[in-house]
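Only this structure's heavy atoms are used, side chains among them; waters, hydrogens and symmetry mates stay out.
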Amino acid sequence: MDEGLYRFIAFAGFLIVGIVAWLTGKRAPVNWKTIGGSFVLAWILGVLTFWLPWSRQALSWLNNILVAILNVYQKGNIFLFGPLAIGPGQTLPDGTASIGFVLAMQVLPAVIFFSAMVAGLYYLKIMPAIVRGFAWLFYRVMRVSGAESLSASANIFVGIESGLTIRPYLATLTPSELLTVMTCMMATVASTVMAIYVIALQGVFPEIAGHLVSASIISIPCAILISKLTLPEDRQPETLSDLPAVAKAFDSPASDENSSSNLIAALIDGGMQGVKMAVGIATLLIVFLGLEAMVDLVLELLPQMGETPLSLNRILGWMTWPFTVLMGLKPEEWQTASQILGARFVETEVTAYFKLAAVQGGISPALSPRSLIIMTYTLCGFVHIASMGIFVGGLSALMPSRIQDISRLGFRALWTAFLATVLTGCIAGVLA
């Protein structure tokens with residue numbers, strides 16, 4: 001089939017996914033200003049990313065900066081771990097060769113370094129200024145509340161920490177606002193862990209770093225679109241017309257009880273937070289990959305379907321197959337893509353990106369360059385059971401009075417976040 005037809009399918013898929021969100025949500029009148037603003041902003045951001053020469057140059061410039069920073073962290077990593085820190089085929093200055101790929105030594109330390117850099121940018125007031133800029137854009141274009149705008153913009157750079165940006169308002173969030181906040185958390189990825197995905201795909205997708213940032217930004221209006229279709233606003237949000245007050249609370253020193261006293265302290269504190277994240281990522285991979293293996297042992301006892309044994313990944317792949325089709329991938333790519341997309345629910349996006357790199361790294365890549373971009377954008381989100389537990393637990397700790405509301409919305413937020421990332425993939429499918 002002609003590539004134009006696949007692009008048409010991806011656009012139709014965008015509309016169909018929106019209808020699915022509405023059908024699986026609460027029957028209530030939707031705010032068409034928010035829906036329309038989210039739709040327009042998502043596609044404008046997509047056009048800026050894929051079609052305009054100057055924006056592509058900016059994306060390439062951003063990619064080069066992130067890759068350069070990523071290369072810098074290796075100095076400390078090699079000092080600590082020696083040949084364990086270098087990838088397959090690389091050698092140290094003294095000629096010592098790499099022993100092969102070791103995720104714990106070659107990937108997770110990047111999280112520590114990036115976390116320290118982000119903390120430094122926050123201390124220098126660079127990151128807060130960027131967050132406020134995006135918050136103003138979301139507030140004006142999508143007509144959402146000040147709390148939703150600020151939290152959503154923070155999610156471009158951080159994860160559960162975005163809840164701290166609106167801490168004074170958390171207790172009074174409406175159910176619709178709360179779902180939007182949770183959906184944005186899971187439909188994006190924190191800049192502190194983007195280094196992992198860059199390391200995974202840089203060999204097969206040189207411009208990966210810039211596109212990951214773009215994917216996380218495009219996912220914000222997609223997340224708001226899906227969440228407002230699923231659970232429309234039926235109350236009056238406290239910050240509906242008051243972004244300045246919310247931003248002022250974000251800027252207040254009292255809003256950050258653990259603010260660092262100087263830049264060095266900020267870098268150290270950020271690095272320590274990175275250590276916690278790296279350990280947390282390692283823990284999730286060990287626990288959930290182990291649980292997946294246990295489930296597969298049980299499934300192997302069931303009658304075999306086809307040439308391969310039944311497994312959790314196969315089941316999840318079947319469930320996500322229709323969405324793979326809607327993103328405009330080619331028929332011969334559906335099985336591979338759906339298996340990777342489905343596995344993310346259990347194995348996390350970390351493993352999914354490494355699997356994506358593996359199927360592209362051979363002599364005959366499984367996906368076309370366009371389909372690789374689509375999958376890269378679709379996987380760019382914390383859409384898995386582990387993240388749902390982390391975000392539900394984190395928000396509950398920030399506002400214990402809303403534990404029941406947060407717990408009740410947990411699985412719905414996982415669903416809406418998944419649909420939001422599919423919308424992002426559809427945009428890439430049309431424009432890439």
Determine yes or no for a side-chain-to-main-chain donor-acceptor pair under 3.5 angstrom, with Thr34 supplying the side chain and Met142 the backbone.
yes
Which heavy atom of Ile340 sits nearest a heavy atom of Ala352, and at what distance?
CG2-O, 3.7 Å
Is there a side-chain contact between Leu367 and Leu356, using heavy atoms and a 4.5 Å cut-off?
yes
Output all residues satisfying side chain to side chain donor-acceptor pair (under 3.5 Å) with Thr91, sequence neighbours left out; order by chain, then residue number.
none
Is Arg402 atom CZ crowded by more than 12 heavy atoms from other residues, nucleotides or ligands, each under 6.0 Å away?
yes
Between Ile427 and Phe11, is there a side-chain heavy-atom distance shorter than 4.5 Å?
no
Can you run down the side chain to side chain donor-acceptor pair (under 3.5 Å) pairs that involve residues 383-394, sequence neighbours left out, and say none if there aren't any?
Glu349-His384
Is there a donor-acceptor contact under 3.5 Å from the side chain of Arg370 to the main chain of Glu3?
no
Sorted by first residue and then second, give each ring pair (Phe, Tyr, Trp, His ring centres under 6.0 Å) pair with at least one member in residues 413-432; sequence neighbours left out.
Phe323-Phe418, Phe345-Phe418
Does Gln335, at its CD atom, have more than 12 non-hydrogen atoms belonging to other residues, nucleotides or ligands within less than 6.0 Å?
no
Checking Glu347 now: which residues fulfil salt bridge (Lys or Arg N to Asp or Glu O under 4.0 Å) with it, not counting sequence neighbours?
Lys355
For Leu267 and Ala116, work out which heavy atoms get closest and say how close.
CD2-O, 3.2 Å
Ring centroid separation for Phe39 and Trp32, is it under 6.0 angstrom?
no
Below 4.5 Å, heavy atoms only, C-beta onward: do Ile315 and Ser311 meet side chain to side chain?
no
How are the rings of His211 and Tyr377 set to each other: parallel, tilted or perpendicular (split at 30° and 60°)?
perpendicular
Given Ile78 and Leu84, is the side-chain contact (heavy atoms from CB on, under 4.5 Å) satisfied, shown in steps?
CA-CA 8 Å; Ile78 291 174; Leu84 292 174; over 6 Å; no
Counting distance only, does the side-chain N/O of Gln74 pair as donor-acceptor with the main-chain N or O of Ala85 below 3.5 Å?
yes
For residues Gln273 and Ser115, is any side-chain donor paired with an opposing acceptor at under 3.5 Å?
no
Check the pair Arg143, Glu148 against salt bridge (Lys or Arg N to Asp or Glu O under 4.0 Å), reporting the backbone distance first and the verdict last.
CA-CA 10 Å; Arg143 304 294 182 182; Glu148 289 172 309; over 6 Å; no
Thr424 meets the side chain to side chain donor-acceptor pair (under 3.5 Å) criterion, sequence neighbours left out, with Ser219
Is a side-chain donor-acceptor pair under 3.5 Å present for Thr183 with Ser227?
no
Ser38 and Ile224: which non-hydrogen atoms are nearest, and at how many Å?
OG-CG2, 3.6 Å
Does Thr180 reach the side chain of Cys184, with side-chain heavy atoms less than 4.5 Å apart?
yes
What distance do Leu150 atom CG and Asn155 atom CG have between them, rounded to the nearest 0.5 Å?
10.0 Å
Looking at every non-hydrogen atom in both residues, tell me the closest pair between Ser214 and Thr49 and how far apart they are.
OG-OG1, 2.8 Å
Could you check Glu233 against Val30 for side-chain contact (heavy atoms from CB on, under 4.5 Å), going step by step and ending with a plain yes or no?
CA-CA 7 Å; Glu233 187 62 80; Val30 299; over 6 Å; no
Does the side chain of Ser371 come under 3.5 Å of the side chain of Lys330 through a donor N or O and an acceptor N or O?
no
Heavy atoms of other groups near Trp318 CH2, more than 12 under 6.0 Å
yes
How long is the straight-line distance from CH2 of Trp22 back to CG of Leu231, given to the nearest 0.5 Å?
14.5 Å
So which heavy atom on Cys222 is nearest to which on Leu423, and how close?
SG-CB, 3.8 Å
Kindly compute the distance separating CG (Leu137) from CG (Leu41), expressed to the nearest 0.5 Å.
5.0 Å
Show which side-chain atoms of residues 280-301 pair as donor or acceptor with protein atoms under 3.5 Å away, not counting sequence neighbours.
from	atom 1	to	atom 2	distance (Å)
Thr283	OG1	Val279	O	2.7
Glu292	OE2	Asn313	ND2	3.1
Asp296	OD1	Leu312	N	2.8

Report yes or no: does Asn63 contribute a side-chain atom to a donor-acceptor pair with the main-chain N or O of Pro206 at less than 3.5 Å?
yes
Within this structure, what is the CG-CD1 distance for the pair Leu108 and Ile199, rounded to the nearest 0.5 Å?
8.5 Å
For side-chain contact (heavy atoms from CB on, under 4.5 Å), just list the numbers for Glu333 and Thr336, CA-CA rounded to whole Å, side-chain angles, deciding distance to a tenth of an Å, and then say yes or no.
CA-CA 6 Å; Glu333 300 170 331; Thr336 299; 5.8 Å; no
Without swapping roles, check the side chain of Ser145 against the backbone of Pro237 for a donor-acceptor pair under 3.5 Å.
no
How long is the span from the CZ atom in Phe50 to the CD1 atom in Ile373, to the nearest 0.5 Å?
6.0 Å
What heavy-atom pair brings Gly425 and Met327 nearest, and what distance separates the two atoms?
CA-SD, 4.1 Å
Verdict with supporting geometry, Phe391 and Met182, side-chain contact (heavy atoms from CB on, under 4.5 Å)
CA-CA 7 Å; Phe391 290 129; Met182 296 173 70; 5.6 Å; no
Atom CE in Met388, atom CG in Leu409: separation rounded to 0.5 Å?
11.5 Å
Heavy-atom check, side chain of Tyr353 versus side chain of Thr376, under 4.5 Å:
yes
Distance-only polar pair, side chains of Thr230 and Thr416, donor-acceptor under 3.5 Å
no
Hey, are the side chains of Met105 and Phe81 touching, using non-hydrogen atoms and a 4.5 Å cut-off?
yes
Between Asn31 and Lys228, is there a side-chain heavy-atom distance shorter than 4.5 Å?
no
Give a yes or no answer on whether the side chain of Thr324 reaches the backbone of Thr320 with a donor-acceptor pair at less than 3.5 Å.
yes
Would you say Trp334's side chain and Trp321's backbone share a donor-acceptor pair under 3.5 angstrom?
no
So Leu229 and Ile35, do their side chains get closer than 4.5 Å, heavy atoms only?
yes
